[in-house]
Every structure is written in C-alpha cells, then in structure tokens.
Trainee: 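The following block contains the structure, expressed as structure tokens.
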Amino acid sequence: MRHPPRSGLLVVGAAVALVGTAIAPVVTASGATPACTVDYSVTSQWDTGFQSAVKITNNRAALSGWSLTFDFANGQKVSQGWNAKWSQSATTVTAANESWNGSLGTGASVSAGFLASWSGSNAVPTTFKLNGTTCNVDTDPSPSPTDPPPTTGTAPKLHVLGNKLVDADGTTRRLLGVNRSGGEFMCVQGYGIFDGPVDDASVKAIADWKANTVRIPLNEECWLGLSNIKPEYAGANYISAVKDLVAKVEAHGMTPLVELHWNYGQYTGNSAGCSDVHATCQKPMPDAQYSPAFWSSVASTFKDDQAVAFDLFNEPYPDRATSTTAEAWACWKDGGTCPGIGYEVAGMQDLVDAVRGTGARNLILAGGLAYSNDLTQWLTYKPSDPTGNLVAAFHTYNFNTCASESCWNSTLAPVAAQVPLVAGEIGENTCAHGFIDTAMKWFDDRGLSYLGWTWNTWDCSSGPSLISDYDGTPTSYGVGLRDHLRALNG
C-alpha cells in the first residue's frame, strides 16, 4: 500500500488563563517502583483551549529514544507542542523525543508540554505508555521491554511443497493475518521506529483476532544505519527493535513476514511518490546500491530461524516507468539499467541470490508488477531459487486494476496452480468490508493466503485501517477481517 507520510501539526496561538492543575495518579500494587511515571497537569484552561505539562520519568534501563502515548476521552485535539514531536491520530496522542533529548537514563526525567482544544469536558488521560510500557503502575510481575516475550506459542517453520505451504510435519498452512505498518516510515521521518505500541499486549491483540501472520514493513536506510537517519532509530537500534517485534510475534504462534517497503534511489517519473533520493516513499524497484546489502543483513539475522518469512519488495512498478511490458518484466527479474528509472536496479533474482548467499533457507515472497497487482507473467520471469522456497505475492484493493473475480480467475489461478500464492495486502478505502469479503471468499475457496492492510489506528482518509485502538478494537472495515479470521480459526 502506498500511504501518505505522517502529517505535521497545525500551530495556533492562544490566550491563556491559569485555572489550576490535574495530575494523573500513580497506582502500584505493592509499593514497587513503576517502570515509568508520568505527571500530567492542566496548567491553564480557557473556554476553547488548554495548556498541559507532562513530566516523564524512566525507572528502568536507559533509553536512547522515547515515545509517550496516551488517549483523550472527550475529543480534545493537540494543536501545538514543545520539547517533543507531538502528533495525534484519532484519540491517541504521541510525543516522541527531539534529537537533543532522546537519551533518558535510569531515574532520569524529561518535561514537555502542549496546547490543545476542548469542548464540554476535559478529562485527564488515565493511561500513559512509554515505548509501549504502561506507566504509573507496578509492572514488576511483567517483563520489562528488554526482556524476552512470553513463549505462549510456537511459530511454524514453513516451506514450499508443490503449490502449498507446509510446516515441518507436512501439514498444509495458510498465511492469514494483518500488516503492521510503521517500521517503513517512522524512522526515516524522525519520529521513532514503530507507529504505536509494539509491546506484548499489542501483539496479543493481533493474535486474539485469530491471525497467524504479521507482515512487518521495513526501511533499508534505517536497517543499514545510513547517515540521514537519526542514530537512535538506525542500525543496531532499529535491528534490535525489529528482532524484538519478530520474537513477540513468534511467541504468540504467528509467522513474522519481514519485507522491504521503502528504499534508496531517486525516481521522478510516472507515478513517482516523491522526488527524494532517500527511502521516504515507494520506489518502482529495489536499488542495486543498498537493497542486496539489506537482504544479506536481514537474511543473516534470521537465517537460523526458519519461522521468519521474507517478502523481497513491497510493490514493484517498473511498468509505470517503461512503455513495454517485456522491458518491465525483464527489469523486475534481472534489474540493471532499466528504462525510465534513473538508478541502478536490483532485480528479484539479485535479491533471491543475496538471501540464499547467506545460507538462509527461509520462505521468500516476490510480488509482481503494477504494485504487486499484476502476476500475468510471473511464472515466465520467476527467479531461480535453489531451495525451491519461492512464493508469488499479490496485492489487491478495491481501486486496483485487477480487483474482480474474473481477473483473479484469469491471472491468479494459473500461478496458484503451480506455486503458493499469498495476497500480502488486501483492503478497501470505503470504510466497509464488502470488497475484502469477496476477496477472502475467493482465496478461501482455493486454499490461498491473505493479509489485511493495516493494523494501525489511522482513518479512511489515510487508507484502510483495521483498528481504532491497539487493544484490537476494529474499525467498521476491520470488523470484516476480524470476524472472518475468527470464523476460520476460532
């Protein structure tokens, strides 16, 4: 899915009048020190707005970057903030560190503040989370963010057998679940690593939908730690965060599907998402300069864990850059100097070779042309994989060209007859679920896999969002996927 970048905040002026303070209480069960404490106060309030101060204290291991989240209950809207990067999505407010105050040692505190609007009531938020950990409560019985997640499940080690996916026992498996967007854009935009919490509770909420797979989009510049990325969100810090999320997904018995979403390379041609050379939008193809290195590193990281699957590139569209289908498919497979693309391209064969060169035998997915919506010549240009563990990936939304059963019958069915097929993204921008209901039935009837876009608390104006809260509360669109997964696997 090509989604808009995180939007900035509107800055407004306001007159203030001091009216007193309200401070969020600290609640502990046994007198133990909470993992973090947050003091929240309304320092000024007037008829349409208010000013608040927030003091965050970290009582656990030192942090190199921090992000505080909380929810408003009465429709309050943040308009301006200081000492943090403030943003708001629906009711959820996020304050992420600035470049100069990201370090938060054990026992250290940081203060920030904001202006916001209100009407009718201005209740104090009741729950605050620092990097996904709930503050102001005794958290000693639960693991700290750096502890291993609980081993409540075992993710299957999958491989290809004919046109099916099977586990180590030879049982046929389908990948059914969600996408967890954030790792592709937060770091390059300087806000953090993930969009919203990725603690064990938030991952359990996905499992509670009876999902068995979580697709995790990544950014190659952040993984490789290139100089344009803030150090706290790059290299070892980024890799560690991804590994931690992968471990949590596996601990709940789900398959982690890591994929390259955004990459380096300047493209300003047809359907360009941005003019930036950096990995700030969807590019038409992976780049030869960094993408093979990215996959060598990712594969080396996870090659001893065959429960992890690899999706080579989110949504290729070399067909938008060149006038002939043959040139587009040749670019897709072999890369090199491709018509209409100004950077050296890494083809799917290059990326398969990069993964297999590490000795990794993990499952590999490769999406076709037209943003992975065209598989018409996928079998003809299929990359060579010495392990035979290659899967065709397909994306379908209600607004795509191939978004009908007749198209799926003519273009997908022949591919699915020969290799496993995974619809890595399905969704619709109608705030309903009529289209995905049709798509899921078509895939169900053929024993194929699909993953809904996306497990994020956005809204219909930003693209298909499955949830309104990270506790798993579905949107009207998400209800369709949740109820269907529960009916299949409940």
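What you see below is based on every heavy atom in this structure, not just the backbone, and it leaves out hydrogens, waters and symmetry mates. Here the structure is a predicted model, which means the values were calculated and not measured.
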Trainee: Determine, step by step, whether Tyr267 and Met285 satisfy the side-chain contact (heavy atoms from CB on, under 4.5 Å) criterion, reporting the C-alpha distance in whole Å, the side-chain angles of both residues, the deciding distance to 0.1 Å, and the verdict.
Mentor: CA-CA 10 Å; Tyr267 174 72; Met285 282 294 290; over 6 Å; no

Trainee: Apply side-chain contact (heavy atoms from CB on, under 4.5 Å) to residues His278 and Leu226 and explain how you reach the verdict.
Mentor: CA-CA 10 Å; His278 291 296; Leu226 301 190; 5.9 Å; no

Trainee: Test side chain to side chain donor-acceptor pair (under 3.5 Å) on Asn122 and Asn74; report intermediate values, then the result.
Mentor: CA-CA 6 Å; Asn122 188 18; Asn74 306 120; over 6 Å; no

Trainee: Can you tell if the side chain of Tyr470 reaches within under 4.5 Å of the side chain of Asp195, non-hydrogen atoms only?
Mentor: yes

Trainee: Would you mind writing out the side-chain donor-acceptor pairs for residues 301-308 within the sub-3.5 Å range, not counting sequence neighbours?
Mentor:
unit_1: Thr301; atom_1: OG1; unit_2: Ser297; atom_2: O; d: 2.8
unit_1: Lys303; atom_1: NZ; unit_2: Thr358; atom_2: O; d: 2.9
unit_1: Asp305; atom_1: OD1; unit_2: Ala307; atom_2: N; d: 3.2

Trainee: Closest approach of Pro217 and Tyr238, non-hydrogen atoms and distance?
Mentor: O-OH, 4.4 Å

Trainee: Can you tell me how far apart CZ (Phe185) and CD1 (Ile193) are? Round to the nearest 0.5 Å.
Mentor: 13.0 Å

Trainee: Spell out, as yes or no, whether a donor-acceptor pair under 3.5 Å connects the side chain of Gln189 to the backbone of Cys187.
Mentor: no

Trainee: Determine whether Met440 and Tyr450 make a side-chain contact, defined as any pair of heavy atoms from C-beta on separated by less than 4.5 Å.
Mentor: yes

Trainee: Counting C-beta onward and ignoring hydrogens, is there a side-chain heavy-atom pair between Asn136 and Thr37 closer than 4.5 Å?
Mentor: yes

Trainee: Report the C-alpha distance between Phe443 and Ser449 in whole Å, list the side-chain angles of each, state the deciding distance to 0.1 Å, and finish with yes or no for side-chain contact (heavy atoms from CB on, under 4.5 Å).
Mentor: CA-CA 7 Å; Phe443 289 113; Ser449 303; over 6 Å; no

Trainee: Using the test ring pair (Phe, Tyr, Trp, His ring centres under 6.0 Å), find all partners of Phe310 that sit at least two apart in sequence or belong to another chain.
Mentor: Trp295

Trainee: Given 3.5 Å as the limit, does a donor-acceptor pair link the side chain of Tyr290 with the main chain of Leu224, or not?
Mentor: no

Trainee: Atom CZ in Arg60, atom SG in Cys135: separation rounded to 0.5 Å?
Mentor: 10.5 Å

Trainee: Mind jotting down which residue pairs meet the salt bridge (Lys or Arg N to Asp or Glu O under 4.0 Å) criterion with at least one end in residues 270-286? Sequence neighbours excluded, please.
Mentor: none

Trainee: Indicate whether any N or O donor in one side chain lies under 3.5 Å from an N or O acceptor in the other, for Ser52 and Tyr40.
Mentor: yes

Trainee: Can any side-chain N or O of Trp453 pair as donor or acceptor with the backbone N or O of Ile426 at less than 3.5 Å?
Mentor: no

Trainee: Would you mind reporting whether Lys230 and Asn237 have side-chain heavy atoms less than 4.5 Å apart?
Mentor: no

Trainee: Identify the residue among Asp208, Asp200, Asn212 that makes a side chain to side chain donor-acceptor pair (under 3.5 Å) with His252.
Mentor: Asp200

Trainee: Just wondering, do Pro474 and Trp209 contact through their side chains at under 4.5 Å, heavy atoms?
Mentor: yes

Trainee: Which heavy atom of Trp82 sits nearest to which heavy atom of Gln80, and what is that distance?
Mentor: CZ3-O, 4.3 Å

Trainee: Tell me whether Tyr317 contacts the main-chain N or O of Gln282 through its side chain, where contact means a donor paired with an acceptor under 3.5 Å.
Mentor: yes

Trainee: What distance separates Arg180 CZ from Leu245 CG, expressed to the nearest 0.5 Å?
Mentor: 7.5 Å

Trainee: With side-chain contact (heavy atoms from CB on, under 4.5 Å) as the criterion, how do Thr213 and Met254 come out once you've worked through the C-alpha distance, each side chain's angles and the decisive distance to 0.1 Å?
Mentor: CA-CA 5 Å; Thr213 303; Met254 297 185 291; 5.9 Å; no

Trainee: Under 3.5 Å, is there a donor-acceptor pair between the Tyr397 and Glu425 side chains?
Mentor: yes

Trainee: Just how far is it from atom CG of Asn263 to atom OG1 of Thr280, taken to the nearest 0.5 Å?
Mentor: 10.0 Å

Trainee: So which atom in Val188 and which in Glu221 form the shortest heavy-atom distance, rounded to 0.1 Å?
Mentor: CG2-OE1, 4.1 Å

Trainee: Between Asn179 and Arg215, do the side chains contain an N or O donor and an N or O acceptor separated by less than 3.5 Å?
Mentor: yes

Trainee: What pairs with Leu63 under side-chain contact (heavy atoms from CB on, under 4.5 Å), at least two apart in sequence or on another chain?
Mentor: Asn58, Trp66, Leu104, Leu130, Asn131

Trainee: Out of curiosity, His261 NE2 to Ser181 OG, how far, rounded to the nearest 0.5 Å?
Mentor: 6.0 Å

Trainee: Identify the heavy atoms of Thr57 and Ser109 that sit nearest to each other, and give their distance.
Mentor: OG1-OG, 2.6 Å

Trainee: Inspect the surroundings of NZ in Lys55 and state if more than 12 heavy atoms from other residues, nucleotides or ligands are less than 6.0 Å away.
Mentor: no

Trainee: What closest approach, in Å, do Leu421 and Leu448 show between heavy atoms, and which atom pair accounts for it?
Mentor: O-CB, 4.0 Å

Trainee: Are the side chains of Thr94 and Trp86 in contact, using a 4.5 Å heavy-atom criterion?
Mentor: no

Trainee: If you measure only the distance, is there a donor-acceptor pair under 3.5 Å linking the side chains of Tyr477 and Asn429?
Mentor: no

Trainee: Can you list everything that forms a salt bridge (charged side-chain N to carboxylate O under 4.0 Å, His left out) with Lys441? Sequence neighbours excluded, please.
Mentor: Asp445

Trainee: Answer yes or no: is there a donor N or O on one side and an acceptor on the other, between the side chain of Thr91 and the main chain of Asp71, under 3.5 Å?
Mentor: no

Trainee: Measure from the side-chain N and O atoms of Glu220 to the backbone N and O of Cys222, and report whether any donor-acceptor pair falls under 3.5 Å.
Mentor: no

Trainee: With a 4.5 Å limit on heavy-atom distance, are the side chains of Leu312 and Leu260 in contact?
Mentor: no

Trainee: For Trp408 versus Cys402, what's the shortest heavy-atom pair and its separation?
Mentor: NE1-O, 3.3 Å

Trainee: Indicate yes or no for a side-chain donor-acceptor contact from Trp455 to the backbone of Gly472 under 3.5 Å, with no hydrogens or angles considered.
Mentor: no

Trainee: Between Asn373 and His395, is there a donor-acceptor pair closer than 3.5 Å when you use the side chain of the first and the backbone of the second?
Mentor: yes

Trainee: Could you list the residues that satisfy side-chain contact (heavy atoms from CB on, under 4.5 Å) with Asp483, not counting sequence neighbours?
Mentor: Val479

Trainee: Report yes if some heavy atom in the side chain of Tyr233 is under 4.5 Å from a heavy atom in the side chain of Met186; otherwise report no.
Mentor: no

Trainee: Once you round to the nearest 0.5 Å, how far does CZ of Arg486 lie from CG of Leu481?
Mentor: 10.5 Å

Trainee: Is Asn101 reaching over with its side chain to a backbone N or O of Asn83, donor-acceptor style, under 3.5 angstrom?
Mentor: yes

Trainee: Would you check if the side chain of Asn97 reaches a backbone N or O of Gly65 as a donor-acceptor pair within less than 3.5 Å?
Mentor: no

